[in-house]
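Whatever order the structure lists them in is the order used to number ligands and atoms, beginning at 1.
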Amino acid sequence: MTDRKATLSVGDKSIELPVYSGTIGPDVIDVRSLVQEGVFTYDPGFVSTAACESAITYIDGNQGVLLHRGYPINQLAENSDFLEVCYLLLNGELPTDAQLEEYKATIKNHSMLHDQMRNFFNGFRRDAHPMAIMCGVVGALSAFYHDQMDITNPKQREITGHRLIAKMPTIAAWCYKYSVGQPFMYPRNDLSYAENFLYMMFGTPCEEYKPNPILAKAMDKIFILHADHEQNASTSTVRLAGSTGANPYACIASGIAALWGPAHGGANEAVLDMLAEIGDESEIERFIEKAKDKNDPFRLMGFGHRVYKNFDPRAKVMRETAHEVLKELGMEDDPQLKIAQRLEQIALEDDYFVERKLYPNVDFYSGIILKAIGIPTSMFTVIFALSRTIGWFSHWNEMNSGANRIGRPRQLYTGHTERDYPKK
Ligand code: CMC
């Protein structure tokens, strides 16, 4: 596979390790043989560790590049729609018109939930967080489809992918409907994926609901921009759970759980909570100082990224969409959105943020758009999960299409050495 070697010296021992190159991006040093030498690599937070080989998504954080199967994210956001991006992520190539039509029809065929799933929703308290409901309900899909799930069978994996992509909008919208006490709306196959989601969220049996095309397009862009992001925390969680051969719906539920945290997918909700906490433009300076104070745990939510140290290419697209949506809804003067715009401006000019390359990330703008559309903050991460399901599934599918070994990290042990249990 390679002639190139890296040499590692440990004490007086010299260890040669193979070096591999991908199509683009940093080379990797294969450290798998180190265990036989009695040493492990140490990389908490997986900052320098490539945990797998993948051909789905490429990110260059320094250049602000995000490619899905080679296509730049801004081109996909501009020219494609979410279901086409799903097809691309999963299959590796853009579909022909006929393939896309067939794919969309198949997804529509799977959009209803098994009627017994209503009972799962009813088991939750009304004030349950929608992410808690989503985790539970998606995990519960494994109980409905477990028998038909041979993960070594590509056809069965494909059907699982169709079911997940099709049912996530229904599950997401029902999480919301349950929390507000409104009747569940069944999916409508005459609508596009994004329109149908807005319909199930905001429609009621009493009145006709017509999704606004500009808002549906913005929603579709949010789905596209969150569709995949390489080996992030939730995708790695899905891969790790999947490496054991676990049921795929359970694996996706584990990804949803990992996404929930405020350092990951929970950030868009945290952005709006932060804007509410700031409350008034006169308070912005004080909060900027809090964010800079190392003794204060407060951080500017929606700023910074582990990988993008130049700009987040998704944020560029989202920023434009945010302006379109605010204009369409006549909300340019909304006080909270004004705080957001001022915050963005100050942070982009302030030395602390500039030196640390802390730019607004995708969640900063997606939070603003979702709020303007009328989606409650508690649903923001649910929408991220809906969008990311295709990414999680594509990685799970890629992993199961080839040789797969159970994921099992090691550790630097700092606990007690062996000691005897005290005699009584
Ligand atoms: N506000 C204030 N200071 C910050 C922030 C922030 N949002 N983010 C990073 N810093 C500072 C941090 O204190 C550190 O300063 P110093 O070097 O003086 O100690 C420096 O910047 C580097 O931070 P880090 O914590 O080492 O960076 P990281 O790569 O471990 O963390 C992050 C990345 C996204 C978790 C972090 O920037 C953060 O907490 N941001 C806010 C939460 C957020 O918006 N998350 C969404 C990420 S995008 C969606 C997704 O992909 O899930």
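Here's the thing with Gly302: one of its N/O atoms is less than 3.5 angstrom from an N/O atom of ligand 1. Residue His229 places no N or O, backbone or side chain, under 3.5 Å from any N or O of ligand 1. For ligand 1, the polar-atom distance check finds no N/O of Phe384 at less than 3.5 Å from any of the ligand's N/O atoms. At least one N/O-N/O distance between Leu300 and ligand 1 falls below 3.5 Å. When only interatomic distances are considered, the shortest N/O to N/O separation between Asp363 and ligand 1 does not fall below 3.5 Å.
Ring-centre distance between Trp174 and Tyr186: below the 6.0 Å cut-off. Checked against the 6.0 Å centroid criterion, the rings of Tyr308 and His229 qualify as a close aromatic pair. Between Phe364 and Phe303, the gap from one ring centroid to the other is short of 6.0 Å. Aromatic ring centres of Phe184 and Phe121 lie closer together than 6.0 Å. Ring to ring, Tyr359 and Phe311 are not that close: their centroids are 6.0 angstrom or more apart.
The main-chain N or O of Ala55 is found under 3.5 Å from a side-chain atom of Arg69 such that the two form a donor-acceptor pair. At distances below 3.5 Å, not a single donor-acceptor pair connects side-chain atoms of Thr381 with backbone N or O atoms of Phe384. Under the 3.5 Å distance criterion, the side-chain polar atoms of Arg314 are left unmatched by any main-chain donor or acceptor of Val362.
Heavy atoms of Lys292 found under 4.0 angstrom from ligand 1: none, in either backbone or side chain. Counting heavy atoms closer than 4.0 Å to ligand 1, residue Tyr352 contributes side-chain atoms (C-beta onward) but none from N, CA, C or O. The proximity of Asp312 to ligand 1, defined as any non-hydrogen pair under 4.0 Å, does not occur for either the backbone or the side chain. Contact annotation: for Arg356 versus ligand 1, heavy atoms closer than 4.0 Å belong to the side chain alone.
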Expected list for residues 250-263: side-chain donor-acceptor pairs under 3.5 angstrom, two or more places apart:
residue, atom, partner, partner atom, Å
Ser254, OG, Cys251, O, 2.5

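In this structure, atom 37 (O) of ligand 1 is in close contact with the protein, since a protein heavy atom lies within 4.0 Å of it. Proximity of atom 29 (O) of ligand 1 to the protein is indicated by at least one non-hydrogen atom lying closer than 4.0 angstrom. Distance check for atom 22 (C) of ligand 1: every protein heavy atom is found at 4.0 Å or beyond.
The aromatic rings of Phe287 and Phe298 stand perpendicular to each other, their planes meeting at an angle above 60°, with 30° marking the opposite boundary.
Of the protein's non-hydrogen atoms, the one nearest atom 9 (C) of ligand 1 is Leu358 CD2, 3.4 Å. Nearest protein heavy-atom contact of atom 25 (O) of ligand 1 is Arg299 NH2, 2.9 Å. The protein non-hydrogen atom at the shortest distance from atom 14 (C) of ligand 1 is Lys294 NZ, 4.2 Å. Taking atom 42 (C) of ligand 1 as the reference point, the nearest protein heavy-atom neighbour is Met301 SD, 3.7 Å. The protein heavy-atom contact nearest to atom 40 (N) of ligand 1 is Phe303 O, 3.0 Å. Of all protein heavy atoms, the one lying nearest to atom 2 (C) of ligand 1 is Ala291 O, 3.6 Å.
Asn109 and His162 are not linked by any side-chain donor-acceptor pair at a separation below 3.5 angstrom, with hydrogens and angles left out of the test. Side-chain contact of Thr96 with Gln99: a donor-acceptor pair under 3.5 Å is present, judged by distance alone. Using modelled atom types and a 3.5 Å distance limit, the side chains of Arg4 and Ser21 yield a donor-acceptor pair.
The shortest separation from a heavy atom of Asn361 to ligand 1 is under 4.0 Å, placing the residue in contact.
Using a 4.0 Å cut-off to heavy atoms of Lys309, the atoms of ligand 1 that qualify are 29 (O). Counting atoms of ligand 1 from 1 in the listed order, those under 4.0 Å from a heavy atom of Arg306 are 28 (P), 29 (O), 30 (O), 33 (C). Each of the following atoms of ligand 1 lies closer than 4.0 Å to a heavy atom of His264: 46 (C), 50 (C), 52 (O). The contact set between ligand 1 and Ala267, taken as ligand atoms under 4.0 Å from a residue heavy atom, comprises 43 (C), 44 (O), 45 (N), 46 (C).
Taking each of His305, His226, Lys290 in turn, the one with a heavy atom nearest to atom 48 (S) of ligand 1 proves to be His305.
Salt-bridge annotation for Lys290 and Glu277: absent, with no side-chain N of the basic residue lying under 4.0 Å from a carboxylate O of the acidic one.
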